[in-house]
Amino acid sequence: MPISIAIVEDDRGVRASLLGMLQRAADCRCVGDFGSAEEGLRKLPSLRPDVILMDINLPDMSGVECVRQLSQLLPATRILMLTVQEDPDSIFNSLAAGASGYLLKPVRAAELVAAVKDVFGGGAPMTSIIARKVVRSFKQAGTSPRDETESLSPREQGVLDALAKGYSYKETADLLGISYSTVHTHIERIYQKLHVQSRGQAVAKYLGA
């Protein structure tokens, strides 16, 4: 089955470009494209896409707030942010709201399709530049994980640390020498202990939200 994808992007030209890239990918299917967060919130719950491409800078309601609401309405949907900024604050806020990864605009077709497949498979696409800036910003601020993360077992902390560095579930399994299904089991326990519903929220809390 192709991956079902929806786009929330206010720039018509960018939206048309993204749509064209996805339509040319045999294993992707675009089920809707919207020009505002408000329109997306009205229509996306009934479409239930596998992946949403979300512009971080939308008029009126921001992409970050849209992600926050959609993560409650569609907990199984992966949200991939599109941004022209390398702003750690915006990135962190989106992670905390429930986003799973990032791409910098403009994006090439191969990069877009690879990121969609990655996030659909449990990965967290983000450029190395953004990943380094996010981690560096927390180190400089001297932030530390919340008390809840102390309840995680050493193995769970290892899994969460790998996810925070952008590894996919499969890469995390290979890195830690455990099975793919074991990674999923650890993820479920991490979500329960941290009281979160998405990978992005778990990573954000781990990094010191």
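Position 1 is the first residue of the sequence; numbering continues from there.
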Just how far is it from atom [atom1] of [X] to atom [atom2] of [Y], taken to the nearest 0.5 Å?
{"X": "D11", "Y": "L58", "atom1": "CG", "atom2": "CG", "value": "11.0 Å"}
{"X": "Y102", "Y": "I56", "atom1": "OH", "atom2": "CD1", "value": "5.5 Å"}
{"X": "S4", "Y": "L47", "atom1": "OG", "atom2": "CG", "value": "8.5 Å"}
{"X": "L103", "Y": "L82", "atom1": "CG", "atom2": "CG", "value": "6.0 Å"}
{"X": "R189", "Y": "L160", "atom1": "CZ", "atom2": "CG", "value": "15.0 Å"}
{"X": "L80", "Y": "L112", "atom1": "CG", "atom2": "CG", "value": "7.5 Å"}

Check: [Y] and [X] side chains under 4.5 Å, non-hydrogen atoms:
{"X": "H186", "Y": "I178", "value": "yes"}
{"X": "I52", "Y": "I5", "value": "no"}
{"X": "V159", "Y": "L176", "value": "yes"}
{"X": "V51", "Y": "T77", "value": "no"}
{"X": "L163", "Y": "I187", "value": "yes"}
{"X": "V67", "Y": "M81", "value": "yes"}
{"X": "M54", "Y": "E9", "value": "no"}

Before you tell me yes or no, could you show the steps for E38 and K43 under side chain to side chain contact (heavy atoms under 4.5 Å, CB included), namely the whole-Å CA-CA distance, both residues' side-chain angles and the distance that decides it to 0.1 Å?
CA-CA 9 Å; E38 291 81 358; K43 298 180 179 179; over 6 Å; no
Can we say E188 and K193 salt-bridge, meaning some charged N sits less than 4.0 Å from an Asp/Glu carboxylate O?
no
Could E39 and R42 be called an ion pair, given the rule that one side-chain N must be under 4.0 Å from one carboxylate O?
no
[X] to [Y] - nearest heavy-atom pair and separation:
{"X": "F34", "Y": "A6", "value": "CE1-CB, 4.4 Å"}
{"X": "G40", "Y": "P45", "value": "O-CD, 4.0 Å"}
{"X": "P2", "Y": "D50", "value": "O-OD2, 4.1 Å"}
{"X": "R78", "Y": "V119", "value": "CG-O, 3.4 Å"}
{"X": "N57", "Y": "D10", "value": "O-OD1, 3.7 Å"}
{"X": "S179", "Y": "T182", "value": "OG-OG1, 2.7 Å"}

Show the numbers, then the answer: is there a side chain to side chain contact (heavy atoms under 4.5 Å, CB included) between V8 and L44?
CA-CA 10 Å; V8 182; L44 284 168; 4.0 Å; yes
Does one hydrophobic cluster hold both V113 and L104, with members joined at side-chain heavy-atom distances below 4.5 Å?
no
Quick check: does any side chain N or O of T172 sit under 3.5 Å from a backbone N or O of A162, one acting as donor and the other as acceptor?
no
Using a 6.0 Å cut-off, check whether atom OH of Y167 has over 12 heavy atoms from anything other than its own residue.
no
All N/O donor-acceptor pairs, side-chain side in residues 18-33, below 3.5 Å, sequence neighbours left out:
{"unit_1": "R24", "atom_1": "NH1", "unit_2": "G20", "atom_2": "O", "d": "3.4"}
{"unit_1": "D27", "atom_1": "OD2", "unit_2": "K117", "atom_2": "NZ", "d": "2.8"}
{"unit_1": "D33", "atom_1": "OD2", "unit_2": "R15", "atom_2": "NE", "d": "3.2"}

For V116 and I3, what are the C-alpha separation, side-chain angles and deciding distance, and is it a side chain to side chain contact (heavy atoms under 4.5 Å, CB included)?
CA-CA 8 Å; V116 166; I3 302 170; 4.0 Å; yes
